[in-house]
Amino acid sequence: MKRMRWLAAVLCFCLLAGTFGCGRSGTTGGNGTAGGNETGDADFTAGSGEDTIRILSGSENQELEEILVRCADDLDIRIEMDYKGSIDIMRELQSGATEYDAVWPASSIWLSMGDEQHLVKHAASISLTPVVFGIRQSLAEDLGFTQGDVSVRDILAAIRDGKMSFCMTSATQSNSGASAYIGFLYALLGKQEGMTAADLDNEELTAQVQELLGGVERSSGSSDWLKELFLERDYDAMVNYECLIIDADRQLEAEGREPLYVVYPYDGLSLADSPLGYVDHQDERKEEVFLALQEHLLSQEIQTRIEATGRRITANGVSAENRDVFNESWGIDTERILSPIQMPEADVLMKALSLYQTSLKKPSLNLYCLDYSGSMYGEGHEQLTEAMSQILLQQNAEANFLQATEGDVNIVIPFNDHVLDVLQASDSSDAALEELYRQVEGYQTGGGTDIYVAAAQALELAEGYDLSRYTPAVILMTDGQSEDHLNTFVSEYESLGLDIPVFSITFGDADPSQLQQLAELTGGRVFDGTEDLTEAFRSVKGYN
């Protein structure tokens with residue numbers, strides 16, 4: 001019934017507005033724009049000064065865009081931000097981060113692991129926020145989580161008993177997911193520090209973590225997008241930054257909805273320290289501008305404004321001025337001294353992330369709807385083939401922590417103006433996925449385009465699986481405008497009653513509005529593949 005109410009609301013909005021929106025609403029102010037500038041070169045820009053600082057940032061900093069607009073105006077500079085996941089930030093640093101003047105991940109661990117060329121200087125923490133569980137308040141009360149300290153084992157027990165599920169970002173794509181996952185490992189090991197590679201071979205530990213991660217109902221590659229998804233849909237709980245839970249609760253209460261209750265797992269608490277560092281490309285003027293920006297962000301006035309967003313500026317309490325922001329009725333404990341787990345050494349962390357991706361996380365049900373219409377002939381077909389090679393060929397997937405998980409189901413639905421075939425890997429082994437890739441590689445292009453018939457076919461196939469055992473997703477790639485109508489898909493979606501997101505990738509002359517409709521209807525997202533189709537496929541895989 002909840003899903004049906006959501007469907008009715010979406011369809012009503014479609015009739016009233018004539019189209020669906022997609023993604024986070026932009027923040028604007030002064031000379032700032034969110035969601036890309038006029039040239040499309042950055043995800044967010046602010047200011048119009050002659051000096052530009054281009055920053056590679058985690059998505060959680062989207063909540064600071066209004067403050068950055070103020071900083072850009074105060075300093076008469078231009079700030080450009082690109083938002084990427086933690087692994088991508090690490091990889092970018094490893095390759096030299098030549099396009100960026102600064103880097104601003106959620107946690108220092110990604111600087112220490114990525115800065116192999118020792119380019120980062122002047123790194124300083126801008127704010128702090130713990131990674132917590134936000135649980136529907138009535139559910140938290142029913143579980144007894146509002147009465148005192150809660151352990152990771154308490155949460156595991158609730159999942160085992162079928163009393164709770166939760167949403168979480170991917171541990172291999174986002175810092176909040178990675179931090180929570182490492183916290184789970186420490187808690188179930190009974191440690192707070194000193195995790196070793198040998199610890200990760202413990203069979204009892206891996207079985208418990210599999211059970212815990214089996215409670216993940218929806219995954220995401222972005223902490224901020226996960227918050228937006230939670231606000232739009234109907235889930236029990238989410239693991240996210242305390243500051244994003246606060247922002248969600250503000251919106252929930254403003255809409256008269258039940259807020260989330262914040263639970264701090266005392267035995268597996270992790271902390272994001274939001275370091276901003278300069279990427280040294282031997283440009284003295286850039287360095288001067290960076291230091292001025294960093295100093296301004298650390299000034300008392302701006303720190304107070306940052307704290308007002310729900311971020312902490314010290315590990316011990318909050319200022320009297322912003323105490324009301326940290327609402328105690330939401331379970332927020334400002335008296336708690338934040339004593340986070342110690343992140344393991346780099347080699348142990350990498351082993352832990354590899355285990356998460358290949359054997360511990362809930363298996364994925366991947367339904368790839370791939371456009372083989374005539375307009376994909378030539379370069380388009382080549383780029384599609386290359387993109388799929390990064391997902392299906394495991395030696396390529398490993399480089400970006402996108403390997404198949406044991407038990408994954410991988411289905412490819414090639415289409416043009418009708419479904420051409422249904423291809424499926426026999427299992428999740430390297431050999432089976434390579435054979436599936438060879439079939440994808442051999443398909444020829446031709447004909448028109450109908451995205452809806454392919455997506456509807458994917459839903460029909462998904463109905464044959466026990467979806468509680470999988471993280472399902474339809475991954476739709478097209479370069480054209482569909483010749484059919486949304487009703488084809490809506491009818492199938494409504495009749496089957498499945499909660500499966502459609503993640504779409506635009507390419508060529510694809511109609512974004514058609515894909516946005518599917519995203520809004522299903523709780524999915526649209527990714528831009530016009531510049532780099534391979535990168536788009538990599539991004540979408542971080543969401544399931």
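Ion pairing of Arg311 with Glu242 is absent here, as no side-chain N (NZ or NE/NH1/NH2) approaches a carboxylate O to less than 4.0 Å. Salt-bridge check for Arg312 with Glu307: failed, with every basic side-chain N at 4.0 Å or more from each acidic carboxylate O. A salt bridge between Asp280 and Lys121 is present, with a side-chain N of the basic residue lying under 4.0 Å from a carboxylate O of the acidic one. With respect to Asp43 and Lys84, no salt bridge is recorded, no charged nitrogen being found less than 4.0 Å from a carboxylate O. Of the charged side-chain nitrogens involved, none lies within less than 4.0 Å of a carboxylate oxygen, so that Glu520 and Arg525 do not count as a salt-bridged pair. A salt bridge links Arg70 to Asp74: at least one charged side-chain nitrogen sits closer than 4.0 Å to a carboxylate oxygen. Ion pair Asp88/Arg538 flagged as a salt bridge, since at least one NZ, NE, NH1 or NH2 atom sits closer than 4.0 Å to an Asp/Glu carboxylate oxygen.
Considering only residues two or more places apart in sequence or on other chains, Phe133 meets the ring-ring contact (aromatic ring centres under 6.0 Å, His included) condition with Phe166.
Residues Asp101 and Ile53 are in side-chain contact: their nearest non-hydrogen atoms beyond the backbone lie under 4.5 Å apart. In this structure, the side chains of Lys351 and Leu200 come closer than 4.5 Å at one or more pairs of heavy atoms. Side-chain contact between Leu185 and Val209 is present, with at least one heavy-atom pair separated by less than 4.5 Å. Residues Asp82 and Tyr100 are in side-chain contact: their nearest non-hydrogen atoms beyond the backbone lie under 4.5 Å apart. In this structure, Ser165 and Tyr235 have side chains that are not in contact, with every pair of non-hydrogen atoms separated by 4.5 Å or more. Inter-residue side-chain proximity for Gln147 and Glu141 is flagged as unmet; no heavy-atom pair is nearer than 4.5 Å. At a threshold of 4.5 Å between non-hydrogen side-chain atoms, the residues Leu205 and Leu189 count as touching. Here the side chains of Val132 and Val263 are not in contact, with every heavy-atom distance at 4.5 Å or above.
Under the 3.5 Å distance criterion, the side-chain polar atoms of Asn240 are left unmatched by any main-chain donor or acceptor of Leu226.
We find the CZ-OG distance between Phe44 and Ser57 to be 10.0 Å, quoted to the nearest 0.5 Å. The distance from atom OG of Ser274 to atom CG of Asn61, rounded to the nearest 0.5 Å, is 5.0 Å. If you take CD1 on Ile79 and CZ on Arg54, they are separated by 13.0 Å, rounding to the nearest 0.5 Å. Expressed to the nearest 0.5 Å, how far CD of Gln62 lies from OG of Ser223 amounts to 10.0 Å. Between the CD1 atom in Ile126 and the CG atom in Leu64 there is a gap of 9.5 Å [rounded to 0.5 Å]. The line from CD1 of Ile159 to CG of Leu212 is 4.5 Å long, rounded to the nearest 0.5 Å.
Within a 6.0 Å radius of CD in Glu321, no more than 12 heavy atoms belonging to other residues, nucleotides or ligands are found. The number of heavy-atom neighbours closer than 6.0 Å to CD of Glu295, taken from other residues, nucleotides and ligands shown, is 12 or below. Dense packing is recorded around CZ of Arg160, with more than 12 heavy atoms of other residues, nucleotides or ligands lying under 6.0 Å away. The environment of CD in Glu99 is sparse: at most 12 heavy-atom neighbours from other residues, nucleotides or ligands sit within 6.0 Å. Shown here is Asp347, whose CG atom has more than 12 heavy atoms of other residues, nucleotides or ligands within 6.0 Å. Atom CD of Gln94 sits in a crowded spot, with more than 12 heavy atoms from other residues, nucleotides or ligands closer than 6.0 Å.
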Does the pair Lys191 and Asp199 meet the rule for a salt bridge (Lys or Arg N to Asp or Glu O under 4.0 Å), with working shown?
-> CA-CA 10 Å; Lys191 292 184 172 185; Asp199 286 332; 2.6 Å; yes

Verify salt bridge (Lys or Arg N to Asp or Glu O under 4.0 Å) between Arg305 and Glu66, making sure each step is shown before the conclusion.
-> CA-CA 10 Å; Arg305 287 171 62 95; Glu66 288 185 358; 5.8 Å; no

Report the C-alpha distance between Thr522 and Ile500 in whole Å, list the side-chain angles of each, state the deciding distance to 0.1 Å, and finish with yes or no for side-chain contact (heavy atoms from CB on, under 4.5 Å).
-> CA-CA 6 Å; Thr522 66; Ile500 300 180; over 6 Å; no

Candidate pair Lys541 and Asn366, rule side-chain hydrogen bond (donor to acceptor under 3.5 Å, both in side chains), full reasoning | CA-CA 9 Å; Lys541 271 302 296 166; Asn366 304 304; 3.0 Å; yes

Begin from the C-alpha positions of Lys361 and Thr358 and carry the test side-chain hydrogen bond (donor to acceptor under 3.5 Å, both in side chains) through to its verdict.
-> CA-CA 7 Å; Lys361 78 178 186 71; Thr358 58; over 6 Å; no

Are Gln137 and Trp330 close enough, and set up right, to give a side-chain hydrogen bond (donor to acceptor under 3.5 Å, both in side chains), and what steps lead you there?
-> CA-CA 8 Å; Gln137 189 149 15; Trp330 297 338; 5.6 Å; no

Starting from the C-alpha separation in whole Å, work towards a yes-or-no answer on side-chain hydrogen bond (donor to acceptor under 3.5 Å, both in side chains) for Thr314 and Asn316.
-> CA-CA 5 Å; Thr314 174; Asn316 301 321; 4.7 Å; no

Could you check Phe527 against Tyr543 for ring-ring contact (aromatic ring centres under 6.0 Å, His included), going step by step and ending with a plain yes or no?
-> CA-CA 11 Å; Phe527 296 81; Tyr543 282 68; 5.3 Å; yes

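For residues 142-165, the set of pairs meeting the ring pair (Phe, Tyr, Trp, His ring centres under 6.0 Å) definition, not counting sequence neighbours, is empty.
The nearest pair of heavy atoms linking Ala140 to Tyr261 is CB-CB, 3.9 Å. Nearest heavy atom pair, residue Tyr83 against residue Ser59, reads CD2-CA, 3.9 Å. The two residues Gln394 and Ala404 make their nearest non-hydrogen contact at OE1-N, 2.7 Å. Counting all heavy atoms, side chain and backbone alike, Ile89 lies closest to Gly58 at CD1-N, 3.8 Å. Closest non-hydrogen pair, Glu80 versus Ala42, comes out as CB-CB, 3.9 Å. Nearest heavy atom pair, residue Gly310 against residue Cys243, reads O-CB, 3.4 Å.
Side-chain contact of Ser138 with Glu258: a donor-acceptor pair under 3.5 Å is present, judged by distance alone. Under the 3.5 Å distance criterion, with hydrogens and angles disregarded, a donor-acceptor pair is assigned to the side chains of Asp273 and Ser108. Between the side chains of Gln300 and Thr304, at least one donor N or O sits under 3.5 Å from an acceptor N or O. Side chains of Ser222 and Ser220: no donor on one and acceptor on the other come within 3.5 Å. No hydrogens or angles considered: nothing links the side chains of His296 and Glu301 as a donor-acceptor pair under 3.5 Å.
Each of Thr129, Thr169, Asn175, Asp247 was compared with Tyr241 under the side-chain hydrogen bond (donor to acceptor under 3.5 Å, both in side chains) criterion, and only Asn175 meets it. With Pro265 as the fixed residue, the side-chain contact (heavy atoms from CB on, under 4.5 Å) test singles out one of Ile155, Asp149, Val150, Ile341: Ile155.
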